[in-house]
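These numbers come from a predicted model, not from an experiment.
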Amino acid sequence: MIRPSSRNLHLTVSLLIIIPVALAYGLFPQMILPLLFDFNVDAINLVNIFRAMMGLYLGMSAIWTMGVIKSRFWITATITNIAFMGGLALGRLVSMAIDGVPGIYFLIGFIAELLLAVWGLKNLKKYGTD
């Protein structure tokens, strides 16, 4: 049974962000990534890394989709969402401390990931005691 949208909204927003990012990274990295970022993807190993990231992102998206559709998976979906978004935000924070401030796309990504992790934590506290 699908729960009220306020409970699932952080998962739905995550899906709307992560699925297009996954596809951008993995379907045609040689074409799309040079347009978005200032580097070329011209080595097979680099293409492989981005396609693996696509698989990871789509796999996580599958868990979050199950959490939206089936309430018994909601806690698992929310915990994985918190870990995924929080892990990305933490990695970006470490990079900012070591490497300096990144470009605007990555700053926006950091803010979105941090907000989604915090939102997931709040929802877990509010709705996670079924």
Nearest atoms (heavy-atom pairs only) where Val41 meets Gln30: O-CG, 3.3 Å

Other residues, nucleotides, ligands: >12 heavy atoms within 6.0 Å of Phe39 CZ: yes

Minimal non-hydrogen separation, His10 against Asn81, with atom names: CD2-OD1, 3.7 Å

Distance-minimising heavy-atom pair for Phe50 and Pro29: CB-CB, 4.2 Å

Asn8 CG to Ser14 OG distance, which is reported to the nearest 0.5 Å: 11.0 Å

Side chains of Met54 and Leu27 in contact at under 4.5 Å (non-hydrogen atoms): yes

Residues forming a ring-ring contact (aromatic ring centres under 6.0 Å, His included) with Phe37, sequence neighbours excluded: Phe106

Sequence neighbours excluded, every pair satisfying salt bridge (Lys or Arg N to Asp or Glu O under 4.0 Å) that has a member inside residues 109-121: Arg92-Glu113

Over 12 non-hydrogen atoms of neighbours within 6.0 angstrom of CD1 in Ile44: no

Test item: Ser95 side-chain N/O and Gly91 main-chain N/O as donor-acceptor pair under 3.5 Å: no

Identify each donor-acceptor pair in which a side-chain atom of residues 114-121 lies under 3.5 Å from a protein atom, sequence neighbours left out, and give them as a table.
none

Parallel, tilted or perpendicular: rings of Tyr127 and Trp74 (30°, 60°): perpendicular

Value rounded to 0.5 Å, distance of OH in Tyr25 from CE in Met53: 5.0 Å

